[in-house]
Amino acid sequence: MHNSTSVKIISCLSILLMLVGCDNSEKNKITIQNKDNIINQKVDSLLALMTLEEKVGQMNMYNGFWEVTGPVPKEGNAKTKYEHLKKGWVGGMLNVRGVENVKKVQQIAVEETRLGIPLIIGFDVIHGFKTINPIPLAEAASWDLEAIEKSARIAAIEASAAGINWTFAPMVDISRDPRWGRVMEGAGEDPYLGSKIAKARVKGFQGDDLTKANTIAACAKHFAAYGFTEAGKEYNTVDIGASTLYNSVLPPFKAATESGVRTFMNSFNDLNGVPVTASKFLQRDILKTEWNFDGFVVSDWASIYELINWGRAKDEKEAAKIASKAGSDMDMEGNIYITELANLVKEGTVDIAVINEAVSRILRVKFQLGLFDDPYKYCNLKNEKENIGTKLHQEEALDIAKKSMVLLKNENNLLPLKKEGQHIALIGPLAAEKNSPLGNWRLAADDNSAVSVLEGMQAYSKNILNHKKGVNLIEGNTTFFHKVKINTTNKNGIKEAVLAAKKADIVVMVLGEHGFQSGESRSRTRLDLPGLQQELLESVFAVNKNIVLVLNTGRPLAITWAAKHIPSIIVGWQLGSQTGNAVAEVLYGDYNPSGKLPMTFPKSVGQIPIYYNHKNTGRPDNNASNVFWSHYIDEANSPLYPFGFGLSYTNFTYKNLKVKGSNFFINATVNVSVDVSNSGNIKGKEVVQLYIRDVVASIVRPVRELKGFNLTTLNVGETKTIQFELTKAQLGFYTNKGVFIIEPGDFEVYVGGNSDAKLKTTFNLE
Ligand code: NOJ
């Protein structure tokens with residue numbers, strides 16, 4: 001135990017240890033089950049010592065005194081917060097970072113309160129901490145679970161070194177709507193890929209042992225269905241059916257619980273009329289009962305208070321009652337529980353059992369984090385100095401950044417660029433950007449700390465590189481808190497850019513969205529290149545057609561004109577600290593692109609929601625000359641680029657798709673194999689994807705569903721046989737009552753390099 005820890009906590013803990021009858025030497029021998037039992041006993045013992053107010057205090061979470069990530073509520077002034085901290089009326093804090101700052105608040109909780117219960121310290125460690133990794137949507141495009149886990153691990157190492165013990169990640173919201181700004185924070189549209197990534201990220205943050213000083217508690221958010229916000233508008237209503245809820249929305253959350261995620265966050269939306277913060281169905285019936293989740297649920301920022309705005313609660317008192325009964329355990333910066341709950345218990349409106357349960361859950365996580373053994377275990381100045389922003393972390397950030405890029409088009413093999421003898425014009429408002437590539441969730445990063453594409457390319461080759469901005473994307477500076485102002489008037493730089501393009505062999509254009517155009521509360525109605533960039537692109541194209549477009553974006557964009565005219569397009573998302581180095585390495589061919597889209601790119605906004613795993617409908621596309629089928633009269637049904645799509649500098653061919661057998665008993669394992677060859681001229685990595693279709697079912701199944709994928713590296717001319725296993729878990733589905741079933745009948749299997757794969761076989765379950 002740390003020297004400065006108060007006498008109070010020492011005596012409190014020794015009472016607890018006496019109560020559970022366990023000393024340190026015995027501890028080493030005990031099994032995980034026993035460990036859980038011991039923690040539960042410690043929780044019960046501590047709970048028995050607590051007053052009602054102290055219990056409610058554990059359910060209260062305040063924003064710190066330094067930075068905010070939401071609207072500041074009227075009551076939330078610093079003076080009250082300090083007073084509450086001193087009384088032991090605060091269970092957790094967010095947005096406190098840095099060893100000195102964390103120590104300041106932890107010391108108050110541990111050394112100045114009656115029971116000395118340590119705080120849990122949360123922060124949005126979403127895609128890195130100081131070393132910024134690619135935005136999560138970009139990482140999902142790598143389909144590389146090992147790399148994704150590593151990225152989360154590094155984020156946890158840095159955050160924990162800065163005093164943080166809890167991240168509000170992973171966001172596992174499935175979304176089919178790129179208008180919604182938060183698609184940048186998730187893994188895209190598919191529940192199978194989303195579930196695998198949820199597990200990888202939880203594992204990365206939490207590691208194998210939560211008591212270690214470099215692991216932190218993860219948080220699966222936002223529970224649930226936030227990604228289906230109507231019209232992609234932030235904080236909007238959600239109205240979806242049971243089949244979508246059970247089969248698309250919930251699986252990644254369930255996967256997170258299976259990998260031991262310690263906390264959940266609810267969300268701002270309602271679900272079919274019930275604000276989810278008030279949803280007993282989601283929080284108690286599904287999460288805590290059916291899935292047996294024993295961690296705690298934190299509200300989203302003031303979402304308990306917002307029950308009043310929704311029209312679900314008439315005042316703060318009712319909001320506190322409804323949310324606590326529904327299973328929201330901790331109130332994030334809402335000031336509702338701390339002011340209302342104790343009275344509600346005293347007057348008999350809320351049962352003390354509700355409070356005891358919530359507090360037990362919160363304390364359990366604190367014990368599991370080892371905070372009672374050493375509340376300052378995350379407050380080590382040496383660790384902070386040595387483990388943040390290290391060279392190794394930067395190298396890992398570069399590694400996953402390369403893996404996240406997706407090549408959409410490469411006509412005439414414009415890419416890779418030649419390392420010498422090419423005259424390159426580098427054009428676009430994002431080419432020299434050092435801030436935008438850091439993306440949206442980057443509060444702990446230094447502003448302008450990313451390697452720009454210009455810097456990356458300058459360092460990479462001796463080619464003549466003539467850089468021209470062309471146009472500004474935004475006006476003035478922008479931050480996490482403010483709306484970006486897009487430049488729609490100043491075109492002064494276009495002429496210069498066109499002149500540079502005229503003289504060049506190849507033009508590399510870095511266009512797209514600013515990092516602060518996606519993320520929370522950054523919904524868009526248009527999905528074009530913002531501002532004057534389309535005009536810039538067309539002006540350059542008029543004088544030089546050899547354009548490589550590096551598309552920076554936090555969401556799928558409807559770049560239909562570019563897809564038709566520009567010969568080479570590569571998605572460079574917001575790739576974090578190492579952006580420029582990653583882009584240069586890929587453009588110059590030292591890394592052969594291997595990313596695949598985790599979300600469909602639409603042709604136009606009117607196609608949204610557009611997703612590969614849609615239903616067939618009663619009148620599917622049949623190329624009929626009449627109009628009576630499911631389509632638009634002014635746009636095709638097909639997307640611009642489908643889910644799972646991504647090219648390489650080499651070619652892959654698929655052959656010999658086989659199912660071992662053709663008729664199976666319902667619970668059998670179905671073995672599928674396919675031969676994949678590298679038929680091009682350079683070594684490459686392919687994401688081999690397997691999709692199924694359950695042809696006839698009691699609940700209509702999608703035309704395709706991803707049920708397996710395999711990353712494989714192939715040398716030139718090499719062929720590998722890739723094996724997949726399909727079990728009940730992949731072949732079944734949820735009924736509208738949430739029961740998982742598997743039904744006999746015909747199944748189709750498709751394997752290939754994207755969701756439009758043509759190679760097909762079938763089998764039957766009986
Ligand atoms: C609101 C966001 O919805 C949530 O994802 C985030 O973790 C909290 N603010 C805390 O910053």
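All residue numbers in this chain count up from 1 along the given sequence. Every number for a ligand or one of its atoms is a count from 1 in the order of the listing.
Residue T69 approaches ligand 1 through these ligand atoms, each under 4.0 Å from one of its heavy atoms: 9 (N), 10 (C), 11 (O). Listed by number with element, the atoms of ligand 1 under 4.0 angstrom from any heavy atom of M265 are 4 (C), 7 (O). Within ligand 1, counting atoms from 1 as listed, the ones closer than 4.0 Å to a heavy atom of F168 are 7 (O). Each of the following atoms of ligand 1 lies closer than 4.0 Å to a heavy atom of R182: 2 (C), 3 (O), 4 (C), 5 (O). Residue-ligand proximity, F268 to ligand 1, at heavy-atom distances under 4.0 Å covers atoms 1 (C), 3 (O). Annotation for ligand 1: atoms under 4.0 Å from non-hydrogen atoms of K221 are 4 (C), 5 (O), 6 (C), 7 (O).
Outside the 6.0 Å centre-distance limit, the rings of W180 and F228 are not counted as a close aromatic pair. Aromatic pair W166/F296: centroids less than 6.0 angstrom apart. The aromatic ring centroids of F264 and F253 lie less than 6.0 Å from each other.
By the 6.0 Å contact criterion, NZ on K377 is enclosed, its count of non-hydrogen atoms from other residues, nucleotides or ligands being greater than 12. Atom CG of D208 is surrounded by 12 or fewer heavy atoms from other residues, nucleotides or ligands within 6.0 Å.
Residue-level proximity to ligand 1 for M171 is absent, since no heavy atom of it falls below 4.0 angstrom. When non-hydrogen atoms are compared, ligand 1 lies under 4.0 Å from neither the backbone nor the side chain of N95. With a 4.0 Å cut-off on non-hydrogen atoms, E234 does not touch ligand 1 at all.
Note: an N/O pair closer than 3.5 Å links D124 and ligand 1 by distance alone.
Judged by a 6.0 Å distance limit and a 45° cone about the ring axis, K130 is not positioned over the six-membered ring of W441.
Side-chain contact check for Y235 versus Y226: some heavy-atom pair is nearer than 4.5 Å.
For atom 1 (C) of ligand 1, the closest non-hydrogen atom of the protein is D300 OD1, 2.9 Å.
The residues R201 and E149 are annotated as not salt-bridged, no charged nitrogen and carboxylate oxygen being separated by less than 4.0 angstrom.
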